[in-house]
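In the text below, chain A, chain B and the rest are named by the order of the sequence lines, each starting its count at 1. The basis for the numbers below is simple: all heavy atoms, side chains too, and nothing from hydrogens, waters or symmetry mates.
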Amino acid sequence: MSMRVVAVKPLLYGLIIPVLLLATWQILGARGMISPLLFPTPSRIYEDFHSMLVSGELWTNLRISLVRALWGFLLGGGLGALAGLLVGLFRQLERAIDPSLQMIRMIPHLAVTALFILWFGIGETSKVLLIAKGAFFPLYINTFLGIRNADNKLHEVSRVLGFGFFKRSFLMALPSALPNIFLGIRLSLGVAWLSLAVAELLGSTEGIGYLMMDARMLGRTSVVFVGIAIFAVIGKLSDSLVRGIERRALRWNDTYRG
Amino acid sequence: MGAALLEIRELSKSFRTDSKTVQALHHIELDVQEGEFVTVIGPSGCGKSTLLRIVAGLDVGYEGQATLDGRAISGPGIDKGFIFQEPRLFPWLTVEKNIAADLSLRNPEVKRRVGELIELVRLNGFEKAYPKELSGGMAQRVSIARALLRNPRILLLDEPFGALDAFTRAHMQEVLLDIWRRNGTTMIFVTHDIDEAVFLGSRIVILKPRPGEIRAKIGVDLPYPRKKASAAFQDFRMRVLNEFERIDELSWGEAGAGI
């Protein structure tokens, strides 16, 4: 019984703010105290959500968006983790490529979007690449940091145990970096999701971002809110999923838990 | 007597700091025979850890010779097991995986030997525990098992029980003597605790600081198992203490307020 209380309580705490917000919003809207065009009530938004769900419109576009985000994340995050690993392991490589990567990191998304559309059109490629660019850096930086934060005392152990380069990298440095890598995955997923919105809002004929753009032009504000809610909920769900995996994978980690 | 397992000749080592050069070890001469249990004792700053790290191959750039099995020591390796002051286990691995480290437990031979070592260091039932679940003494026993699995020619221990409480420490000393008795592993054990040095060693090497030099080498002719409360043990302890007092007189006279 106490187990259930432990599991349910944090969920309840997390719900306090959203529920209060929605209730206030609904009451204010129902009494006509806020503009229905700018702030359609939650119940109105839900009705639109429901009809889009039933018609299949929502799922079709959501699936397209999810696939884009996933490919972009896998491509960018994967390359980011790989680059972080290599740059972390080889100091010469750090000197050679880290400055360039840091420069690319500072280029705003919107600035490269124009180029990507020019190069690849408004098809899938430009979107996936834009998402990949966003997802690359959090994993790159955190993997690199994790490798470099590996305890020098464990490095000495790996020397005493006669580890060569590969064993030192994969049995000592990489596991040491795991807590940072998980943080990088979470941040990269978040950025992938944000980049998806940028990519789809700027030019697209399908996807959640397109639905929102389309609705905005037609003055269907409630659909814009449906899109926002979907970004928020799916973003949170994906983050929770990674955190769940992280908790299992880092069972060994002896850190302050608050 | 044949050639010694470990031969140290004219060994000197100095460290350079910003402004000056510190002589850590000066003209060390030491032979360690196979199966010996040598304890190295001295005040802090006498270079005893440096000596051990040179034998381990962790510190290079020394003058003189250090050979193991007749081969010059040029780097670390599994033939020289090293136990650090802290257990230094891999926190993401369970006890048995820490002991195996780069060896696979799917290999039945490895699995069997890891099981034997867990028995030897008395950790039965903790095979699947993570380091964070272990006490300091247990963790240190895991690190000893990890070194022993590699069948080292010599086991080097750098104040391994220094961080443990008195009871755990006494227990760990028994465990280590038990391992030595059963496996016959050659040991060099660095400590600053005179009781520990006399209790464990078949020979005691006393170092003096600034520069680190060997003050005395004393064979301990007390039979094992030794009783710390016995008169013979206390007599021996006094002998070692006397050597220390001579060091004090010497180093205070020369170096002034060095500590």
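The number of heavy-atom neighbours closer than 6.0 Å to CZ of F126(B), taken from other residues, nucleotides and ligands shown, is 12 or below. Within 6.0 Å of atom CZ in R112(B), more than 12 heavy atoms from other residues, nucleotides or ligands are found, so the atom counts as buried in its surroundings. Within 6.0 Å of CZ in R243(A) there are 12 or fewer heavy atoms belonging to other residues, nucleotides or ligands. Taking a 6.0 Å sphere around CG of L12(A), one finds it holds more than 12 heavy atoms contributed by other residues, nucleotides or ligands. Heavy-atom contacts from other residues, nucleotides or ligands closer than 6.0 Å to CZ of F165(A) number more than 12.
By number of non-hydrogen pairs under 4.5 angstrom with chain A, the leading residue of E133(B), R146(B), K80(B) is R146(B). Of the listed residues G162(A), P175(A), S158(A), the one with more heavy-atom pairs under 4.5 angstrom with chain B than any other is P175(A).
Heavy-atom minimum distance, G57(B) versus R159(A): O-NH2, 3.9 Å.
Residues F90(B) and V157(A) meet the side-chain proximity criterion, which asks for heavy atoms closer than 4.5 Å. Taking 4.5 Å as the limit, some side-chain heavy atom of P91(B) sits within range of a side-chain heavy atom of L154(A).
Interface residue L89(B): only backbone heavy atoms are found under 4.5 Å from chain A. Contacts of K153(A) with chain B are made by both backbone and side-chain atoms, with heavy-atom separations under 4.5 Å. With a threshold of 4.5 angstrom between heavy atoms, R88(B) approaches chain A through its backbone and through its side chain. Heavy atoms of D151(A) lying under 4.5 Å from chain B are absent altogether. Proximity to chain B is limited to the side chain of F163(A), based on heavy atoms less than 4.5 angstrom apart.
The distance from the CD atom of E156(A) to the CZ atom of F84(B) is 4.5 Å, given to the nearest 0.5 Å. Between the CG atom of D102(B) and the CZ atom of R168(A) there is a distance of 13.0 Å, given to the nearest 0.5 Å. With values rounded to the nearest 0.5 angstrom, Y130(B) atom OH is found 13.0 Å from D254(A) atom CG.
Side-chain atoms of K132(B) never come within 3.5 Å of backbone atoms of T255(A) as a donor-acceptor pair (strictly under, hydrogens ignored).
Using the six-membered ring where Trp is involved, W252(A) and W92(B) have ring planes that are perpendicular, over 60° apart on the 30 and 60° scheme.
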